[in-house]
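Not measured: the values here are computed from a predicted model.
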Amino acid sequence: QVHLEESGGGSVQTGGSLTLTCVATGSPVSSYCLGWFRQSPQKGREGLAAISRDGRAGYAPSVMGRFTISRDNAKAYLHMNNLGPDDTAIYYCASNQVCHYRNDAPRASDYFFSYWGQGTQVNVSS
């Protein structure tokens with residue numbers, strides 16, 4: 001069992017940056033793969049990025065080049081740059097024992113993640 005807690009959300013203006021943090025506690029095996037997702041009324045749930053235990057990272061095309069996922073053992077970070085109103089959403093951290101890969105990059109698909117945090121709200125104003 002894993003407990004995930006996100007922090008770092010808030011309100012920023014267009015063009016601003018935020019860094020989200022996820023802390024995983026409990027079974028370390030179940031947090032070998034960490035991912036970030038977001039959900040909004042307009043787009044539903046969207047996978048953003050995932051990172052393996054050895055640091056391999058994969059990104060959704062919509063955030064590649066703007067968002068960077070990183071980790072330090074059981075902590076994961078999502079560095080978000082050049083934010084716009086379309087990035088307004090609740091951001092979730094998720095974990096799984098294994099990552100699933102496409103072209104050697106971890107996939108941020110909610111189908112492959114077993115444990116979820118409660119989310120942190122990000123609001124981007126124009």
Side-chain angles (χ1 to χ4, degrees):
Q1 196 76 4
V2 174
H3 176 75
L4 301 166
E5 186 165 351
E6 305 95 337
S7 62
S11 297
V12 295
Q13 292 187 328
T14 294
S17 299
L18 277 177
T19 295
L20 306 181
T21 299
C22 170
V23 179
T25 56
S27 169
V29 172
S30 297
S31 59
Y32 279 176
C33 187
L34 293 169
W36 284 99
F37 296 78
R38 66 187 178 190
Q39 185 156 3
S40 65
Q42 296 78 16
K43 298 182 181 180
R45 180 176 287 179
E46 181 183 8
L48 303 175
I51 188 166
S52 66
R53 186 185 182 196
D54 61 0
R56 280 182 286 176
Y59 298 91
S62 61
V63 301
M64 191 172 294
R66 293 193 304 128
F67 291 9
T68 302
I69 189 171
S70 62
R71 71 182 294 167
D72 178 11
N73 292 323
K75 288 185 181 179
Y77 306 93
L78 187 67
H79 310 278
M80 305 185 293
N81 295 316
N82 194 23
L83 289 164
D86 285 349
D87 296 312
T88 294
I90 301 174
Y91 284 68
Y92 297 91
C93 175
S95 76
N96 198 52
Q97 183 172 348
V98 297
C99 282
H100 293 261
Y101 293 84
R102 173 180 289 165
N103 298 327
D104 293 327
R107 296 180 61 185
S109 171
D110 57 3
Y111 181 79
F112 300 128
F113 286 82
S114 301
Y115 303 97
W116 294 80
Q118 294 298 307
T120 184
Q121 178 73 47
V122 171
N123 294 311
V124 185
S125 59
S126 57

Exercise. Please identify each residue that fulfils side chain to side chain donor-acceptor pair (under 3.5 Å) with N123, with sequence neighbours left out.
Key: Q121
Practice problem: Would you name the heavy atoms of L18 and G8 that are closest together and state the gap between them? | Solution: CD2-O, 3.8 Å
Self-check item: Any donor-acceptor pair under 3.5 Å from R71 side chain to N73 backbone
Solution: yes
Quiz item: Does some side-chain heavy atom of L83 sit less than 4.5 Å from a side-chain heavy atom of Q13?
Solution: no
Quiz item: Any donor and acceptor pair, going by atom type alone, linking the side chain of S17 with main-chain N or O of N81 inside 3.5 Å?
Solution: no
Practice problem: Say whether V29 and L34 are linked into one hydrophobic cluster, either directly or through other cluster members, by side-chain heavy-atom distances under 4.5 angstrom. | Solution: no
Quiz item: Do you know which two heavy atoms are closest between W36 and A76, and how far apart they sit?
Solution: CZ2-O, 3.8 Å
Exercise. For the pair N103 (side chain) and A105 (backbone), establish whether a donor and an acceptor sit closer than 3.5 Å, ignoring hydrogens and angles.
Key: no
Practice problem: Using atom types as modelled and distance alone, determine if a side-chain donor or acceptor of E6 lies under 3.5 Å from a backbone N or O of C93. | Solution: yes
Quiz item: Tell me, which pairs form a ring pair (Phe, Tyr, Trp, His ring centres under 6.0 Å) where one or both residues lie in residues 48-107, sequence neighbours left out?
Solution: H100-F112
Practice problem: To the nearest 0.5 Å, tell me how far K75 NZ sits from S31 OG. | Solution: 13.0 Å
Quiz prompt | T25 vs V23 side-chain heavy atoms within contact, under 4.5 Å | solution = yes
Kindly list each side-chain donor-acceptor pair under 3.5 angstrom involving residues 41-49, sequence neighbours excluded, with atom names and distances?
from, atom 1, to, atom 2, distance (Å)
E46, OE1, R38, NE, 2.8
E46, OE1, R38, NH2, 3.2
E46, OE2, S62, OG, 2.9

Self-check item: Exercise: identify the closest heavy-atom pair between F113 and G35
Solution: CE2-N, 3.6 Å
Quiz item: Between the main-chain N or O of S30 and the side-chain N or O of S95, is there a donor-acceptor pair closer than 3.5 Å?
Solution: yes
Quiz prompt | From CA spacing to verdict: side-chain contact (heavy atoms from CB on, under 4.5 Å), T68, L78 | solution = CA-CA 6 Å; T68 302; L78 187 67; over 6 Å; no
Practice problem: Report, as yes or no, whether the 6.0 Å neighbourhood of atom CG on D54 holds more than 12 heavy atoms from other residues, nucleotides or ligands. | Solution: yes
Practice problem: List the atom of A24, the atom of L4, and the distance in Å for their closest heavy-atom pair. | Solution: CB-CD2, 3.4 Å
Quiz prompt | Shortest non-hydrogen contact from I51 toward I69 | solution = CG2-CD1, 3.6 Å
Quiz item: If you group Ile, Leu, Val, Met, Phe, Trp and Tyr by side-chain heavy-atom gaps below 4.5 Å, do Y115 and V98 land in one group?
Solution: no
Quiz item: Do L20 and F37 belong together in a cluster built from hydrophobic side chains that touch within less than 4.5 Å?
Solution: no
Quiz item: Going by heavy atoms in the side chains, are S52 and C99 under 4.5 Å from each other?
Solution: yes
Exercise. Look at the side-chain heavy atoms of Ile, Leu, Val, Met, Phe, Trp and Tyr, link any pair under 4.5 Å apart, and say whether I90 and V122 land in one connected group.
Key: no
Quiz item: Got more than 12 heavy atoms from elsewhere within 6.0 Å of CZ, R53?
Solution: no
Quiz item: Which pair of heavy atoms, one from R66 and one from N82, lies closest together, and at what distance?
Solution: NH1-O, 3.1 Å
